[in-house]
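In this text the structure is predicted, and so the values were computed from the model without any measurement. Below, chain A is the first sequence line, B the second, and so on; all start at residue 1.
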2 protein chains.
Amino acid sequence: MDKVFKALADPSRRQLLDRLFAEQGQTLGALADGLAMTRQAVSQHLALLEAANLVATVKRGREKLHYLNPVPIHEAHARWIAKFERPRLDALAALKQRLEGEDDG
Amino acid sequence: MDKVFKALADPSRRQLLDRLFAEQGQTLGALADGLAMTRQAVSQHLALLEAANLVATVKRGREKLHYLNPVPIHEAHARWIAKFERPRLDALAALKQRLEGEDDG
DNA sequence: CTAATGGGCAAGTAATTACTTGCATGTCAA
DNA sequence: TTGACATGCAAGTAATTACTTGCCCATTAG
């Protein structure tokens with residue numbers, strides 16, 4: 001879980017995830033293209049994302065294809081982030097209850 | 001947004017958020033009590049959380065009371081995390097969570 | 001008042017992080 | 001086979017991070 005948060009904490013890595021979201025199955029070279037850092041830097045970021053299980057890879061010949069794996073992000077949300085939304089949702093529910101006159105939910 | 005992710009990337013800070021979630025309005029001393037680091041370390045973590053707008057503070061005399069602010073977390077989810085989710089993965093993540101148990105720190 | 005309490009500031013350190021350069025390896029095409 | 005291409009590996013560096021120690025200021029209790 002720590003790996004996921006740390007992976008997400010870097011803007012370069014989020015940018016890479018964005019690029020993969022726009023088009024999956026990209027190679028390292030394609031992902032690094034146009035970015036203001038070396039191919040190796042991108043490779044290291046991708047390795048981190050892979051270690052966090054946010055990105056899955058498939059080797060095809062001499063190329064390495066990268067795919068998004070949304071599961072860890074979803075787990076991070078479900079296990080950890082969601083509970084901090086509860087107060088807000090409670091307030092919402094309370095409001096809704098007041099407005100609708102319900103007494104169960 | 002970067003501040004939020006970076007703030008969440010540290011287990012000590014997540015622990016502090018957990019403590020605040022359990023009981024809001026705690027002082028620095030109360031939050032630091034029982035933790036394996038100095039009061040100053042905790043203070044610095046809280047300053048970071050405050051800078052990320054995840055924690056709001058109120059000064060009362062010589063005490064500083066800390067409160068959770070779930071809004072940035074909610075925004076991070078809504079603007080950035082949500083797009084990586086797929087409806088079908090809800091069940092998957094929940095199942096996996098049940099099978100693996102809680103192991104977040 | 002004095003002293004204890006709650007907290008802040010600043011400098012220093014060890015570990016980590018992000019990134020680079022240089023070279024090696026495997027693959028494909030001619 | 002030769003050479004170009006995609007990627008991997010390793011070492012080095014500069015910046016950041018997490019944490020500490022030591023001292024200072026403000027508030028409150030005795």
inquiry  = Output the rounded distance in Å from CG (A/Leu35) to C1' (C/dA18).
reply    = 14 Å
inquiry  = Tell me every residue that passes side-chain contact (heavy atoms from CB on, under 4.5 Å) with A/Ala30, counting only those two or more places apart in sequence or in another chain.
reply    = A/Gln26, A/Thr27
query = Nucleotide by nucleotide, 5' to 3', does protein get under 4.0 Å of the base (B), only the sugar-phosphate (S), or neither (-) in nucleotides 19-26 of chain C, counting heavy atoms?
reply = BBBB---B
task = Using atom CG of B/Leu49 as one end and atom P of D/dA18 as the other, report the distance to the nearest whole Å.
result = 11 Å
request  = Show your reasoning for whether side-chain contact (heavy atoms from CB on, under 4.5 Å) applies to A/Leu16 and A/Leu31.
outcome  = CA-CA 7 Å; A/Leu16 287 171; A/Leu31 286 168; 4.2 Å; yes
Contact residues, residues 25-33 of chain A to DNA chain D [heavy atom, < 4.0 Å] = A/Thr27, A/Leu28, A/Gly29
Whole-Å gap separating C1' (D/dC5) and CZ (A/Arg60) = 14 Å
request  = State whether A/Lys64 places a side-chain N or O below 4.0 Å from either non-bridging phosphate oxygen (OP1 or OP2) of D/dG8.
outcome  = yes
inquiry  = Can you measure A/Lys6 atom NZ to C/dT16 atom P for me and round it to whole angstrom units?
reply    = 9 Å
message = If you compare all heavy atoms of B/Leu68 against all heavy atoms of B/Gln24, which two are closest, and at what distance to 0.1 Å?
response = N-OE1, 2.7 Å
query = Got a sec, which residues hit side chain to side chain donor-acceptor pair (under 3.5 Å) with B/Glu63, two or more places apart in sequence or on another chain?
reply = B/Arg60
ask   = Do the side chain of A/Asn69 and the main chain of A/Ala56 share a donor and acceptor less than 3.5 angstrom apart?
value = no
query = Looking at B/Ser43, does any N or O in its side chain come under 4.0 Å of the phosphate oxygens OP1/OP2 on C/dG7?
reply = no
note = Closest non-hydrogen contact found for A/Leu28 with A/Leu46 is CD1-CD1, 3.8 Å
task = Figure out the NZ/C1' separation between A/Lys3 and C/dT17, and round it to whole Å.
result = 16 Å
task = Please list, chain by chain and in numerical order, all residues satisfying salt bridge (Lys or Arg N to Asp or Glu O under 4.0 Å) with A/Arg14, sequence neighbours excluded.
result = B/Asp2
inquiry  = Counting the atoms with a prime plus P, OP1 and OP2 as sugar-phosphate, which does B/Lys59 contact under 4.0 Å by heavy atoms, base, sugar-phosphate, or nothing?
reply    = nothing
Inter- and intrachain pairs under salt bridge (charged side-chain N to carboxylate O under 4.0 Å, His left out), touching residues 26-54 of chain B, at least two apart = B/Glu50-B/Lys64
query = Which atoms form the tightest heavy-atom contact between A/Phe5 and A/Ala76, and what is the distance?
reply = CZ-CB, 4.3 Å
note = Here the distance between atom C1' of C/dG7 and atom CD of B/Glu50, to the nearest Å, is 13 Å
